[in-house]
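Shown next, in C-alpha cells, is the structure this report addresses.
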Amino acid sequence: MVAIIVGLILIAFCVFSCLPCGLNWGCDIVNFFKGFAPVLAAFVGLIAVFIGFADVKDKKEAKKEAQAEESSQTK
C-alpha cells in the first residue's frame with residue numbers, strides 16, 4: 001500500500017513539474033531526452049550484441065549435444 005501511495009505522489013510531482021503552471025521544466029525534460037537518446041541507443045545496442053553472441057554460443061553447444069546423442073544412439 002505504501003508503494004502505491006509513493007508511486008502516485010511521484011507521478012503527481014512529475015506531471016506538476018512539466019506543466020507551465022507548475023515548475024515549467026517541460027523544455028528541460030525534452031533537452032534531457034534529446035541528449036540521453038544516443039546514450040540509451042548505444043547501451044541497448046551493446047546489450048543486443050551480447051545477447052546475440054550468447055545465442056550463437058548456445059546454438060553451437062546445442063548442436064554439439066545433439067550430435068553427441070546421435071552418435072551414442074547409433075553405437
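Just so you know, residue 1 is the first one in the sequence shown, and it goes up from there. When reading the values below, keep in mind they use all heavy atoms of this one structure, side chains included, and skip hydrogens, waters and symmetry mates. Just so it is clear, the structure is predicted and the values come from calculations on it, not from any experiment.
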Residues that Leu40 engages under side-chain contact (heavy atoms from CB on, under 4.5 Å), provided they are two or more places apart: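 Once residues adjacent in sequence are excluded, the partners of Leu40 under the side-chain contact (heavy atoms from CB on, under 4.5 Å) criterion are Phe36, Val44.
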
Residues in side-chain contact (heavy atoms from CB on, under 4.5 Å) with Ile9, at least two apart?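 side-chain contact (heavy atoms from CB on, under 4.5 Å) list for Ile9, sorted by chain: Ile5.
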
For residues 27-34, which side-chain N or O atoms pair as donor and acceptor with protein atoms under 3.5 Å away, sequence neighbours left out?
| residue | atom | partner | partner atom | Å |
| --- | --- | --- | --- | --- |
| Asn31 | ND2 | Cys27 | O | 3.3 |

With salt bridge (charged side-chain N to carboxylate O under 4.0 Å, His left out) as the rule and sequence neighbours excluded, what pairs involving residues 48-58 come up?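 Those involving residues 48-58 are Asp55-Lys59.
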
Compile the donor-acceptor pairs under 3.5 Å between side chains in residues 13-20 and protein atoms, sequence neighbours left out, one pair per line.
| residue | atom | partner | partner atom | Å |
| --- | --- | --- | --- | --- |
| Ser17 | OG | Phe13 | O | 3.2 |
| Ser17 | OG | Cys14 | O | 2.9 |

Got a sec, which hydrophobics cluster with Phe53, joining ILVMFWY side chains under 4.5 Å apart, including via others?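 Traced through the cluster, Phe53 reaches Val49.
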
